[in-house]
There are 2 protein chains.
Amino acid sequence: MNSGKLGNRTFVTIKDVAKTAGVSIATVSRILNHTAGVSETLEARVREAIETLGYSTNDAARTLKGKNSFSIGLIIPDIQNPFFPALVRSIEDTAHASDHAVLLCNSDGDVEQEMRYIRFLHGKRVDGILLIGGQQSNKSVELAESLQMPIVLLDRRVKGKKLPAVFLDNAHGGRLAVEYLLACGCQKIAFIGRRSLSSAEERFNGYCEALNDKNIEINRKLIQSQPFTFDGGYKGTEALLKEKVEFDAIFAGNDVMAFGAIACLQSHGMNTPQDIQVVGFDDIWMAKGYNPSLTTLCQPVAEIGQAAVNLLLNLREKTEPKVLEMRFLPQLIIRDSTMKKSKE
Amino acid sequence: MNSGKLGNRTFVTIKDVAKTAGVSIATVSRILNHTAGVSETLEARVREAIETLGYSTNDAARTLKGKNSFSIGLIIPDIQNPFFPALVRSIEDTAHASDHAVLLCNSDGDVEQEMRYIRFLHGKRVDGILLIGGQQSNKSVELAESLQMPIVLLDRRVKGKKLPAVFLDNAHGGRLAVEYLLACGCQKIAFIGRRSLSSAEERFNGYCEALNDKNIEINRKLIQSQPFTFDGGYKGTEALLKEKVEFDAIFAGNDVMAFGAIACLQSHGMNTPQDIQVVGFDDIWMAKGYNPSLTTLCQPVAEIGQAAVNLLLNLREKTEPKVLEMRFLPQLIIRDSTMKKSKE
DNA sequence: TTGAAAGCGGTACCAT
DNA sequence: ATGGTACCGCTTTCAA
């Protein structure tokens with residue numbers, strides 16, 4: 001028995017099962033795939049053979065012959081970015097729930113890397129790609145399209161490309177953040193972020209819209225362009241301090257920047273929320289545990305991941321290339337980095 | 001051209017290349033694999049055909065016929081545990097560097113899940129498994145062995161199993177932590193952790209050893225068994241406070257617990273490091289940014305991940321089932337959650 | 001209902 | 001050096 005081999009390992013094949021059960025391999029295949037009526041007698045015999053032999057289907061053969069590989073590629077900038085783990089987790093759970101493997105690839109947001117991975121995943125014949133792109137991912141997307149690979153965009157838009165995508169309404173989040181700070185009594189709200197990514201830009205737009213709504217003029221000095229890191233938040237705050245602009249609140253592009261901002265304030269003898277109020281974005285796990293705990297915008301990560309996988313898997317069924325876009329809403333989570341000031 | 005199909009997608013196959021180049025598929029295969037001498041003329045023609053046609057090799061076919069699948073399975077409890085992302089990143093970088101895909105699976109530390117994933121990965125014919133196991137992973141390991149799947153243990157030992165493995169010397173880390181706290185002038189050092197995982201148990205052992213070395217008796221009341229979470233750290237500290245045991249330092253099982261501990265202390269009006277000094281373990285990214293920044297033990301995650309992948313990939317070459325174990329040393333990183341007290 | 005057999009896209013052995 | 005071809009494990013059509 002154990003006719004199959006791969007390297008120095010041996011595998012039970014469909015042939016072994018067929019022989020032990022005394023049927024043809026076609027019958028075994030049918031039973032495995034519930035693909036045609038098979039008599040109960042044979043079915044029982046085959047199932048027993050499968051059991052005793054410990055047969056497991058060979059996905060490589062199935063892929064070679066069949067329609068899909070039961071795997072998807074997930075390209076993200078860096079799993080070490082604390083926003084991604086929760087999203088990745090929900091993607092994997094969803095994918096595995098329909099028996100699809102997830103091949104994780106870290107691109108560092110670099111187009112060349114992305115394209116390398118797309119080619120790699122093409123060789124693996126993945127059923128599709130979930131992409132959280134970088135700034136120039138339009139090239140990657142074009143490559144994927146030319147390779148006829150189904151692709152779904154996640155979290156970030158790609159300029160000039162209309163594609164199936166799952167997003168958060170970042171502008172709405174920005175608006176919520178600023179509106180809440182205003183409601184808290186803040187007047188001079190600074191923004192630390194960067195307009196490099198679509199998501200980041202939208203958050204900034206939300207910030208502007210909320211201020212416009214209240215007829216508050218936007219003060220350029222209150223806007224600091226910094227990378228979305230702890231250090232970025234720290235430096236942006238330092239810059240605000242140096243410029244001697246007055247400000248009473250900071251809306252940070254994400255939670256990690258918010259932590260950096262708070263740390264900077266503290267090292268300059270200012271407290272959050274008493275002196276300066278701070279709002280972050282994403283609601284990563286640490287937002288609750290930071291000192292002070294962080295008011296922030298919570299993304300429905302589980303739903304987003306799930307929607308993205310389902311969208312991708314449905315894509316290959318439909319022949320018409322439906323461009324679907326799903327948009328989710330963030331939710332304001334109020335914690336200790338903000339406070340309602342009594343009118344002075 | 002484009003003879004291959006998969007679903008409604010089409011692929012360029014080796015046959016297409018052969019036809020365009022006017023050679024046999026055997027020749028193309030040889031060139032692809034540098035497997036035998038081929039005349040420069042033909043090689044040039046073939047390479048050009050590959051280029052113009054945009055051929056990419058079909059891994060499913062290659063796997064079916066050949067020795068490996070160029071993929072490995074990575075089973076971890078949960079990517080959302082902030083210690084894992086950095087490790088996973090280094091694993092993926094290393095694997096991809098030798099053209100292997102990484103199939104990520106989250107088991108939640110549950111044996112049943114682990115076994116489900118092992119079977120799944122077996123079907124995918126992965127070249128091996130990297131396992132960060134849970135408490136009862138001996139069953140999973142046995143399954144993998146019975147399936148003849150190369151397996152390397154990571155980070156945590158599995159009871160009763162001697163296997164290729166890559167570990168941190170956790171006991172050494174525990175010792176370093178406690179020795180440093182003693183050097184800082186602390187006398188009553190509490191431990192919050194849990195002895196469920198081998199890594200955790202070893203950290204505790206290091207704690208005991210360091211105290212024994214100095215002939216300090218171990219006070220049971222100073223030891224709090226708690227899960228390795230923020231809340232665990234918080235509750236463990238609360239318990240210490242309630243028991244009214246005197247203590248001047250806390251060695252937490254990991255960084256997240258340390259954050260919880262510090263938060264709890266603060267909410268009880270005690271400051272770190274002035275009142276209670278705290279040391280964590282792992283040096284996750286937030287350790288530097290927390291308030292106060294955390295003294296902790298840094299794991300050489302990049303090296304560990306790299307070693308694990310290489311060990312796994314080498315495993316299938318060797319026929320003799322060498323049991324290799326690699327042990328890495330943690331490094332004490334001193335930050336603001338500890339301080340040298342002047343003698344009182 | 002069941003079986004025989006033709007491939008899927010490669011690799012590698014055997015000829016030439 | 002090059003080509004022909006058997007075969008990897010499975011799915012699916014065609015006959016029986």
Side-chain angles (χ1 to χ4, degrees), chain A residues 1-46 49-50 53-70 122-125, chain B residues 1-46 49-50 53-70 122-125:
Chain A
M1 221 43 66
N2 285 5
S3 62
K5 279 184 199 175
L6 203 165
N8 36 31
R9 299 192 273 157
T10 58
F11 294 89
V12 179
T13 74
I14 202 175
K15 266 186 201 161
D16 302 323
V17 176
K19 201 181 292 174
T20 347
V23 301
S24 75
I25 60 169
T27 302
V28 179
S29 175
R30 284 184 193 112
I31 291 172
L32 253 22
N33 302 293
H34 327 276
T35 203
V38 176
S39 74
E40 296 192 359
T41 340
L42 286 197
E43 163 130 22
R45 289 224 306 270
V46 170
I50 289 177
L53 262 38
Y55 168 81
S56 99
T57 177
N58 182 332
D59 274 6
R62 200 209 278 272
T63 301
L64 183 55
K65 182 66 187 177
K67 297 202 179 358
N68 40 216
S69 66
F70 299 99
H122 181 248
K124 292 273 178 238
R125 296 295 184 269
Chain B
M1 221 45 65
N2 284 9
S3 62
K5 279 185 198 175
L6 203 165
N8 37 30
R9 299 193 273 157
T10 58
F11 294 90
V12 179
T13 75
I14 201 173
K15 267 185 199 161
D16 302 322
V17 175
K19 200 181 292 175
T20 348
V23 299
S24 74
I25 60 169
T27 301
V28 178
S29 176
R30 283 185 195 110
I31 291 172
L32 253 21
N33 302 292
H34 325 279
T35 202
V38 176
S39 74
E40 295 193 359
T41 340
L42 286 197
E43 162 130 21
R45 288 225 305 272
V46 170
I50 289 178
L53 261 40
Y55 169 80
S56 98
T57 176
N58 182 333
D59 274 5
R62 199 207 279 274
T63 301
L64 183 57
K65 179 68 186 174
K67 296 203 180 353
N68 40 217
S69 65
F70 299 98
H122 182 248
K124 292 272 178 235
R125 296 297 184 268

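Chain naming here is simple, since letters A, B, ... match the order of the sequence lines and numbering starts at 1 in each. In what follows, every heavy atom counts, from backbone to side chain, and hydrogens, waters and symmetry copies are set aside.
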Trainee: From the list C:dG9, D:dC10, C:dT2, which nucleotide is the closest neighbour of the side chain of A:N58?
Mentor: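 Per side-chain heavy atoms of A:N58, the pick is D:dC10.
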Trainee: Using modelled atom types only, decide if a donor and an acceptor are shared between the side chain of B:K124 and the backbone of B:S69 within a distance under 3.5 Å.
Mentor: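 Not confirmed, B:K124 side chain does not pair with B:S69 backbone.
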Trainee: C:dC8, C:dG10, C:dC13: which one has an atom nearest the side-chain heavy atoms of A:L64?
Mentor: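 When the side chain of A:L64 is considered, C:dC8 is the closest of C:dC8, C:dG10, C:dC13.
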Trainee: Is A:V28 touching bases, backbone alone, or none of the nucleic acid, heavy atoms closer than 4.0 Å?
Mentor: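 Counting heavy atoms under 4.0 Å across all strands, no contact is made by A:V28.
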Trainee: Assuming nearest nucleotide by heavy-atom distance, tell me which of B:K65 and A:A26 is located more 5' along DNA chain C.
Mentor: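 Per heavy-atom nearest nucleotide, the more 5' residue is A:A26.
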Trainee: From the options D:dG4, D:dT12, D:dC10, select the nucleotide whose nearest atom is closest to the side chain of B:R30.
Mentor: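 Of the candidates, D:dG4 comes closest.
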Trainee: Do A:L32 and A:R62 touch side chain to side chain, with heavy atoms closer than 4.5 Å?
Mentor: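 They are not in side-chain contact.
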Trainee: Please report, rounded to the nearest Å, how far the C1' atom of C:dG3 is from the CD1 atom of A:I31.
Mentor: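 Checked: the CD1 to C1' distance equals 13 Å.
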Trainee: Return the minimal non-hydrogen interatomic distance between B:F11 and B:D16, and the atom names on each side.
Mentor: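 Looking at all heavy atoms of both residues, the closest pair is O-OD2, 3.9 Å.
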Trainee: Tell me: NE2 of A:H34 to P of D:dC10, nearest whole Å?
Mentor: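 Value for this atom pair: 15 Å.
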Trainee: In whole angstrom, give the distance that lies between atom CG of A:L32 and atom P of D:dT12.
Mentor: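 Result: 12 Å.
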Trainee: Between A:G66 and B:E43, which has a closest nucleotide on DNA chain D that is more 5'?
Mentor: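 On the 5' side of the pair lies B:E43.
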Trainee: Is any side-chain N or O of A:R45 under 3.5 Å from a base N or O of C:dT2, one able to act as donor and the other as acceptor?
Mentor: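 Looking at the base of C:dT2, it does not pair with any donor or acceptor on the side chain of A:R45 (distance under 3.5 Å).
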Trainee: Hey, does B:V28 have a side-chain heavy atom less than 4.5 Å from the side chain of B:Y55?
Mentor: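 A side-chain contact is absent here, since even the closest heavy-atom pair is not under 4.5 Å.
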Trainee: Nearest-Å distance, NZ (A:K19) to C1' (C:dG3)?
Mentor: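 For the pair A:K19 NZ and C:dG3 C1', the rounded distance is 16 Å.
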Trainee: OP1 or OP2 of D:dG9 versus the side-chain N and O atoms of A:T13: is any pair under 4.0 Å?
Mentor: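 No.
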Trainee: On a plain distance test, is the side chain of B:R125 in donor-acceptor contact with the base of D:dG9 below 3.5 Å?
Mentor: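 No, the side chain and the base share no sub-3.5 Å donor-acceptor pair.
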Trainee: In whole angstrom, what separates B:D59's CG from D:dC8's C1'?
Mentor: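 Rounding to the nearest Å, CG of B:D59 and C1' of D:dC8 are 15 Å apart.
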Trainee: Could you work out which one of C:dC13, C:dG10, C:dT2 sits closest to the side chain of A:S39?
Mentor: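 Among C:dC13, C:dG10, C:dT2, the one nearest the side chain of A:S39 is C:dT2.
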Trainee: Rounding to an integer number of Å, can you tell me how far A:I14 CD1 sits from D:dC10 P?
Mentor: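 It works out to 5 Å between those atoms.
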Trainee: Looking at every heavy atom in both A:I14 and A:I25, which two are closest together, and how far apart are they?
Mentor: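 Scanning both residues, the minimum pair turns out to be CD1-O, 3.8 Å.
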Trainee: Select one nucleotide: of D:dC10, C:dG10, C:dG3, the one nearest the side-chain heavy atoms of B:I25.
Mentor: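 Of all the options, the side chain of B:I25 is nearest to C:dG10.
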Trainee: Can you name the closest pair of heavy atoms from B:A21 and B:R45 and give their distance?
Mentor: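 Nearest heavy atoms, B:A21 then B:R45: O-NE, 2.9 Å.
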Trainee: Report the distance from atom NZ of A:K15 to atom P of C:dG3, rounded to the nearest whole Å.
Mentor: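 Rounded to whole Å, this separation is 16 Å.
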Trainee: Rounding to an integer number of Å, can you tell me how far A:K124 NZ sits from C:dG9 P?
Mentor: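 Rounded to whole Å, this separation is 17 Å.
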Trainee: Please determine whether a side-chain nitrogen or oxygen atom of B:K67 lies at a distance below 4.0 Å from atom OP1 or OP2 of C:dT11.
Mentor: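 Answer is no, no contact under 4.0 Å.
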Trainee: Would you mind classifying the nucleic acid contact of A:S29 as base, sugar-phosphate or nothing, using non-hydrogen atoms under 4.0 angstrom?
Mentor: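 Base contact.
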